Number of protein chains: 2
Amino acid sequence: MGRWEPNALERLQDAAMELFQERGYDRTTVEEIAARAGLTERTFFRYFSDKREVLFSGSKGLEALMVSTIADAPKAMAPIDVVAAALEATSPGFEERRAHACKRQPLIVAHAELRERELIKLASLASAMAESLRGRGVEKSVANLVAEAGIAVFKSAFERWIEDTKKHELAHHVRVALAELRLITAGASAASSTPPPTKAPRRSRPTSR
Amino acid sequence: MGRWEPNALERLQDAAMELFQERGYDRTTVEEIAARAGLTERTFFRYFSDKREVLFSGSKGLEALMVSTIADAPKAMAPIDVVAAALEATSPGFEERRAHACKRQPLIVAHAELRERELIKLASLASAMAESLRGRGVEKSVANLVAEAGIAVFKSAFERWIEDTKKHELAHHVRVALAELRLITAGASAASSTPPPTKAPRRSRPTSR
DNA sequence: TCTCCGATGTCAGAAGCTGACATGAGTCCT
DNA sequence: AGGACTCATGTCAGCTTCTGACATCGGAGA
């Protein structure tokens with residue numbers, strides 16, 4: 001038997017979630033979280049670099065999954081599809097934790113601090129994906145752009161997944177969002193490398209207001 | 001003659017920039033910034049909601065410019081081109097402040113805190129653009145996605161603009177990046193709206209998040 | 001048994017940030 | 001002129017986040 005109760009990290013995460021739900025994020029101090037977990041404030045900061053991080057420690061696993069999915073994708077697959085596959089690969093993991101995600105997301109949306117942290121996690125995901133794409137021989141600026149576009153798709157898909165009363169899986173929403181992105185960017189001057197700024201291609205008609 | 005020296009806000013911004021360059025961001029305290037500007041810490045926090053904000057107060061103007069550019073764009077213009085026009089419209093403003101931007105960007109890149117703030121400013125830009133697009137009758141999810149894609153283009157363009165030794169203007173890089181995005185998303189299964197699940201490599205290790 | 005490891009505790013303190021209240025030069029009103 | 005009022009700034013006390021230095025002590029291995 002260990003000298004201390006095991007799973008300190010998870011106890012801290014659980015305690016934090018409980019308290020955030022009960023009192024809200026900024027009415028909860030780190031000291032309170034630690035106390036509920038049977039630990040001290042100082043120990044909290046040994047597990048999490050700051051208060052926000054207690055809600056984001058899972059992102060490393062997500063990143064690893066996406067990176068390896070990209071690395072393992074068939075050589076012939078186009079970069080955008082490789083990224084799409086990486087996004088879809090995360091779907092089962094999210095499906096398992098839908099309840100948790102649904103508690104977590106409103107907290108994040110309501111607090112600028114937490115939104116900032118989420119955004120930088122997504123940016124970090126984008127970097128990691130771009131790096132993995134470069135490992136496949138994709139040129140740097142293209143890799144960055146594909147990865148960022150992938151994140152845009154993911155954001156859109158995730159938002160709809162959270163709100164989806166029909167409970168489609170995340171992968172479904174990823175496909176829908178990507179198809180939407182393709183429609184959006186289609187139809188215009190992709191030929192010349194620096195098209196004149198105001199060409200006004202007439203494709204998708206703005207629905208009348 | 002005022003009781004106090006005028007331009008307190010600018011004095012604070014200038015003092016902050018100087019000190020950040022001299023000692024680095026996190027070796028500079030708010031008290032020091034305020035002292036150099038001839039003010040007190042408390043006054044600093046009356047002008048800026050937090051320490052980071054002293055580097056980001058310009059983003060409101062940027063947002064306003066983009067929003068009005070979108071609102072004023074020709075009715076027939078496709079959403080993606082409207083957003084491109086908004087991005088390009090910011091070009092002259094950046095051109096004027098190239099020197100400032102070149103001092104600022106390394107600071108931001110070097111500090112996670114500041115990158116977080118930059119990301120949320122960009123996200124805020126995306127929201128504002130999406131809202132403005134909806135005012136033109138663009139459907140919500142499309143508006144969000146177009147705006148996010150626009151931000152992806154902007155990030156890519158801005159990065160290249162900062163590093164561009166040939167000093168092309170920002171608008172040029174925006175056009176290049178958008179053309180690149182179009183090439184990237186072109187070419188594949190845009191036909192079916194919800195294509196069957198691409199066989200994502202079975203790699204799924206459910207990770208906590 | 002002895003020794004070292006490593007997770008945790010204790011303590012002091014810096015820095016960020018906030019609320020409450022004070023100050024005092026301009027300004028406006030009569 | 002005189003008084004009241006404004007409002008940018010100062011002062012102060014206090015909370016919270018986060019860090020470094022050092023202490024503690026059960027357990028694992030020599």
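Chain letters run A, B, ... following the sequence lines, proteins first and then strands; every chain starts at 1. All values reported here derive from a predicted model rather than from experimental measurement.
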Between P on C:dA15 and NE2 on B:H111, what's the gap in Å once rounded to a whole number?
16 Å
Salt bridge or not between B:R27 and B:E32? Use side-chain N to carboxylate O under 4.0 Å.
no
In terms of side-chain heavy atoms, does A:S57 have a donor or acceptor partner in A:Q13 at a distance below 3.5 Å?
yes
Would you kindly give the CZ-to-C1' distance between B:F48 and C:dG16, to the nearest whole Å?
16 Å
If we count only N and O atoms by modelled type, under 3.5 Å, do the side chains of A:S141 and B:E180 hold a donor and an acceptor together?
yes
Rounding to 10 degrees, work out the angle separating the end axes of the helix from C:dT1-D:dA30 to C:dT30-D:dA1 (five pairs an end).
10°
Can you pull the salt bridge (Lys or Arg N to Asp or Glu O under 4.0 Å) pairs that have at least one residue in residues 130-148 of chain A, sequence neighbours excluded?
A:E148-B:K155
What I want to check is whether the side chains of A:W161 and A:Q105 have a donor and an acceptor closer together than 3.5 Å.
no
Let me check something: any side-chain donor-acceptor pairs from residues 60-68 of chain B under 3.5 Å, sequence neighbours excluded? List them with distances.
residue, atom, partner, partner atom, Å
B:E63, OE1, B:S124, OG, 3.0
B:S68, OG, B:A64, O, 3.3
B:S68, OG, B:L65, O, 3.1

Given atom CD of B:E113 and atom C1' of C:dA15, what is their separation to the nearest angstrom?
11 Å
Could you give the CD-to-P distance, from B:E53 to C:dG16, as a whole number of Å?
15 Å
Under 4.0 Å, heavy atom to any atom of DNA chain C: which of residues 17-24 of chain A qualify?
none
Does a sphere of radius 6.0 Å around CD in B:E18 hold more than 12 heavy atoms from other residues, nucleotides or ligands, not counting ones at 6.0 Å or beyond?
yes
Is there any ring pair (Phe, Tyr, Trp, His ring centres under 6.0 Å) pair reaching into residues 7-34 of chain A, and which pairs are they, with sequence neighbours excluded?
A:F20-A:Y25, A:Y25-A:H111
Generate the contact string for nucleotides 2-17 of chain D. Rules: B means base contact, S means sugar-phosphate contact only, - means no protein heavy atom under 4.0 Å.
------BBBBB---SB
Run the salt bridge (charged side-chain N to carboxylate O under 4.0 Å, His left out) check on B:E116 and B:R52 step by step: do they pass?
CA-CA 10 Å; B:E116 288 184 331; B:R52 312 168 190 184; 3.8 Å; yes
Before accepting this row, confirm whether a basic side-chain N of the pair A:R117/A:D50 lies closer than 4.0 Å to the acidic partner's carboxylate O.
yes
